[in-house]
Amino acid sequence: MSDQSQRVYNGRYELHRRIARGGMAEVFLARDALLDRPVALKVLFPEFATDPSFVERFRREAQSAANLSHPNIVSVYDWGEEEGTYFIVMEYVEGRSLAQIIKDEGALHPDRAADITADTAAALGFAHRNGVVHRDVKPGNILINPSGTVKVADFGIARAVSAAENLTQTGTVMGTATYFSPEQARGESVDPRSDIYSLGVVLYEMLTGRPPFTGDNPVSVAYKHVQETPEGPRQRNPDIPAGLEAVTLKAMAKNQANRYATAEDLRADLRRFRADQPVTAETIMVAPAAESTRAVYATEGATTAVPQAGATRSVRQVEETFWDDEPPREKKSSAAFVIALLVLLAVLAALLFFFAQSLGLSDDGDGGGEVETPSVLTLPVAEATRILTEAGLESEISEEPNEDVPAGTVFGQDPAAGVNVDEGTTVQLRVSAGAPPVTVPAVVGLNLGDAVSQLEGLGLTVDVVPVESEVRPEGEVLTQDPPEGEEVPSGTAIRLEASSGPPSVPVPEVVGLTSNAAGVELGRAGFEVAFQDEASDSVEDGLVIRTDPPQGTELDTGQTVTVFVSSGPAATAVPDVVGRSDADATAILQQAGFRVARSSQIVTDPDQDGVVLDQSPRAGTEAAPGATITLTVGDFVAPAPTTTTTTSTTTTTAPPDAGNNGGGNG
């Protein structure tokens with residue numbers, strides 16, 4: 001599959017990295033942008049998205065799993081389709097899978113193995129009560145977070161138990177061969193006891209460090225589940241307590257009737273083991289693998305081996321599932337033929353016996369006989385009592401509060417389904433009285449993610465309505481309905497209005513205005529304003545050139561818009577033209593965008609005639625284009641010729657009284 005990192009699904013789920021790859025989908029770590037929390041996003045492979053049967057199975061996975069809200073089950077939040085790609089949004093569990101733990105640590109301590117199995121059984125029991133069989137219980141689907149909480153994941157091939165619909169193709173076996181139940185390996189229909197068998201295999205692997213059966217291919221492993229008895233766990237690990245071994249082998253009984261009737265029964269026995277109390281599982285004497293291939297129960301009702309005919313049919317069905325080629329023909333000897341014939345005769349005799357019983361031919365005249373207790377779990381109580389009555393049985397009802405099962409639904413029966421009892425026997429039915437009402441907590445003012453977690457933790461669902469707000473931060477819960485303190489049924493939807501932040505408005509057009517006028521316009525629109533000078537050859541000094549973001553951009557009020565104001569043309573360094581001719585200097589300055597003015601200075605050196613002696617501003621000074629540069633240009637004037645002149649000076653001495661001539665008082 002191509003790298004989908006950075007992709008956003010449904011405008012909400014941002015993919016970060018791939019964390020797992022399964023048989024028909026990939027799982028990515030993603031972020032829910034609306035609720036600001038990590039999620040796991042499961043995406044169906046493109047090659048399956050065009051297959052209606054796969055899409056239907058994928059859709060049913062989402063619907064089945066979304067209805068399972070339990071502390072030990074990975075929650076499903078959402079699912080959808082986008083551009084032909086189907087996806088499921090699930091709770092992200094940080095931690096390791098049980099498969100990785102066994103790989104890293106080997107066999108687990110018996111107490112730890114019992115606790116993990118008990119929590120897994122609690123999850124399966126809840127699913128079974130809601131009509132869902134997992135069908136693929138294995139260590140890879142059991143996740144454990146750092147605090148030790150067990151989460152069962154991937155109800156990917158689970159389906160609602162329904163007699164009306166069946167999406168599984170004939171002859172198709174779904175699941176993982178290492179953890180198959182015998183009935184799965186035979187391609188038969190399965191019920192909750194199939195999950196119990198698979199969980200027993202998981203417990204066996206936790207206790208011993210490896211699964212009970214291995215082989216070169218899935219067919220050989222599936223065959224062993226049908227035909228062979230596992231080696232006793234204590235033969236592989238003597239430290240396993242006898243009681244826990246008995247629990248393990250009872251869960252793995254070949255015959256469904258010899259297993260625990262419900263996952264809750266298995267969990268209860270594991271609790272007895274952890275409390276150092278006797279378990280209800282029968283003590284089993286397991287012969288060494290080299291001497292025997294069957295386990296013998298110490299009590300009556302010993303497990304019988306599967307007839308050869310049944311085993312042959314099972315292997316063929318599994319071969320049809322895993323291989324496309326025609327299975328190899330079995331070599332038959334005369335001895336094998338005789339054995340097979342005897343087995344078939346025995347089976348025929350048994351069928352005739354049961355047929356005679358069904359017709360009442362074997363009754364001794366007392367009118368009483370045995371009947372098999374039908375399964376009425378997950379049925380409405382009225383339908384359950386009707387089925388029991390039609391089977392010739394009585395029923396006694398006891399109502400009990402149960403938050404996991406809808407009111408009026410049977411979640412327990414005694415005797416269990418499949419047990420042979422006398423006609424007229426009373427079957428005790430445990431019927432759900434429904435969950436107690438939930439008191440709605442106060443979540444107004446909380447962060448939306450915290451509010452949703454708190455409400456969902458109480459068994460409520462949440463509908464979120466985004467509302468624009470200029471005064472409350474994005475993600476804060478503004479209102480709730482129903483209000484705090486009100487008692488509502490479990491599963492009620494709580495409507496939350498949450499702030500999506502201030503409303504968005506477009507940036508107004510201010511280009512060409514003065515900086516003051518632009519600031520006024522942007523302030524009226526609700527924005528903060530920052531000014532920045534920018535040189536411009538085309539926009540007059542002091543006028544707005546542009547804004548960032550540009551005009552028309554939708555922004556939340558209160559955000560900052562930067563206004564770029566013209567500072568006029570950009571300054572240019574004045575070229576150095578001193579020592580150049582007047583003509584060259586003028587050309588250089590005009591080419592640089594400057595104007596030229598001149599002043600003359602008389603020089604007596606003819607080489608300086610017409611040469612620039614000085615410039616103002618001086619070279620290297622920054623000046624705006626169009627500024628005037630004044631040049632001082634040499635103007636040669638030849639010096640006057642040198643002449644020698646003799647001058648005669650006559651000195652006349654005035655008479656002493658010359659100054660008083662006529663000056664007397666006469």
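Just so it is clear, the structure is predicted and the values come from calculations on it, not from any experiment.
The closest side-chain donor-acceptor pair between D269 and T280 falls under 3.5 angstrom. In summary, the side chains of E205 and Y179 do present a donor paired with an acceptor at a separation below 3.5 Å, with no hydrogens or angles considered. Q428 and Q413 share no side-chain donor-acceptor pair at under 3.5 Å. Using a 3.5 Å distance cut-off with no hydrogens or angles, the side chains of D195 and S198 do not pair a donor with an acceptor.
Taking a cutoff of 4.0 Å between a charged side-chain nitrogen and a carboxylate oxygen, D119 and R267 do not qualify as a salt bridge. Taking the charged nitrogens against the carboxylate oxygens, R112 and D115 have no contact shorter than 4.0 Å, which rules out a salt bridge. Salt-bridge annotation for R236 and E231: present, with a side-chain N of the basic residue lying under 4.0 Å from a carboxylate O of the acidic one. Between E183 and R193 there is no salt bridge, since no side-chain N of the basic residue sits under 4.0 Å from a carboxylate O of the acidic one.
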Exercise for review: With side chain to side chain contact (heavy atoms under 4.5 Å, CB included) as the test, would you mind laying out the steps for I116 and L98 before giving the verdict?
Suggested key: CA-CA 9 Å; I116 293 173; L98 180 58; 4.2 Å; yes
Practice item. Decide side chain to side chain contact (heavy atoms under 4.5 Å, CB included) for Q256 and D191; before the verdict, give the C-alpha distance in whole Å, the side-chain angles of both, and the deciding distance to 0.1 Å. Key: CA-CA 9 Å; Q256 292 168 286; D191 62 19; 3.5 Å; yes
Point to revise | side chain to side chain donor-acceptor pair (under 3.5 Å) assessment of D265 paired with T262 | key: CA-CA 5 Å; D265 292 341; T262 67; 3.2 Å; yes
Exercise for review: Could you please spell out the steps behind the side chain to side chain contact (heavy atoms under 4.5 Å, CB included) verdict for D136 and N141?
Suggested key: CA-CA 8 Å; D136 195 20; N141 284 337; 3.6 Å; yes
Point to revise | Steps toward salt bridge (Lys or Arg N to Asp or Glu O under 4.0 Å) verdict (R96, D104) | key: CA-CA 10 Å; R96 293 186 295 168; D104 294 342; 3.0 Å; yes
Check your understanding: Should H16 and F28 be marked as a side chain to side chain contact (heavy atoms under 4.5 Å, CB included) after you check the CA-CA gap, both sets of side-chain angles, and the distance that decides it?
Key -> CA-CA 7 Å; H16 286 187; F28 294 86; over 6 Å; no
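Atom CD of E370 is separated from atom CG of N420 by 5.5 Å, given to the nearest 0.5 angstrom. Rounding to the nearest 0.5 Å places CG of L244 at 10.0 Å from CG of N237. Here I19 contributes atom CD1 and L41 contributes atom CG; the two are 9.5 Å apart, rounded to the nearest 0.5 Å. Remark: L393 CG to E372 CD distance equals 10.5 Å, nearest 0.5 Å. The structure places OG1 of T229 at 9.5 Å from CG of L249, a figure rounded to the nearest 0.5 Å. Atom CZ of residue F411 and atom CG of residue L377 lie 10.0 Å apart, to the nearest 0.5 angstrom.
At distances below 3.5 Å, not a single donor-acceptor pair connects side-chain atoms of N72 with backbone N or O atoms of A122. Between the side chain of Q184 and the main chain of S181, a donor-acceptor pair closer than 3.5 Å is present. A distance-only check finds no donor-acceptor pair linking the side chain of T425 to the backbone of V421 [under 3.5 Å]. Here the side chain of T117 pairs a donor or acceptor atom with the backbone of A113 at under 3.5 angstrom. A donor-acceptor pair under 3.5 Å is formed between the side chain of R234 and the backbone N or O of I240. K151 places a side-chain N or O within donor-acceptor distance of the main-chain N or O of P71, the cut-off being under 3.5 Å. Panel note: side chain N258, backbone K254; no donor-acceptor pair is recorded below 3.5 Å. Remark: the backbone N or O of V405 is not paired with any side-chain donor or acceptor of T409 at under 3.5 angstrom. At distances below 3.5 Å, at least one donor-acceptor pair connects side-chain atoms of E91 with backbone N or O atoms of S75.
Pairing each heavy atom of A222 with each of F180, the nearest pair is CB-CD1, 4.0 Å. When all heavy atoms of R259 and A253 are compared, the closest pair comes out as NE-O, 2.7 Å. The minimum heavy-atom distance linking L207 with A107 is given by the pair O-CB, 3.5 Å. When every heavy atom of A153 is checked against every heavy atom of V74, the shortest pair comes out as CB-CG2, 3.7 Å. Nearest heavy atoms, T248 versus G200: CG2-O, 3.7 Å. Taking every heavy atom of both residues into account, T373 and P415 meet most closely at CG2-O, 3.7 Å.
For the pair K250 and Y260, the cation-pi test (distance below 6.0 Å, angle within 45°) is passed.
Side-chain rings of F213 and H225 approach one another, their centers coming within less than 6.0 Å.
Other residues, nucleotides and ligands contribute over 12 non-hydrogen atoms within 6.0 Å of the CD atom of E390. Around atom CZ of R271, no more than 12 heavy atoms belonging to other residues, nucleotides or ligands sit under 6.0 Å away.
Inter-residue side-chain proximity for L124 and P192 is flagged as unmet; no heavy-atom pair is nearer than 4.5 Å. By the 4.5 Å heavy-atom criterion applied to side chains, T378 and N130 are not counted as neighbours.
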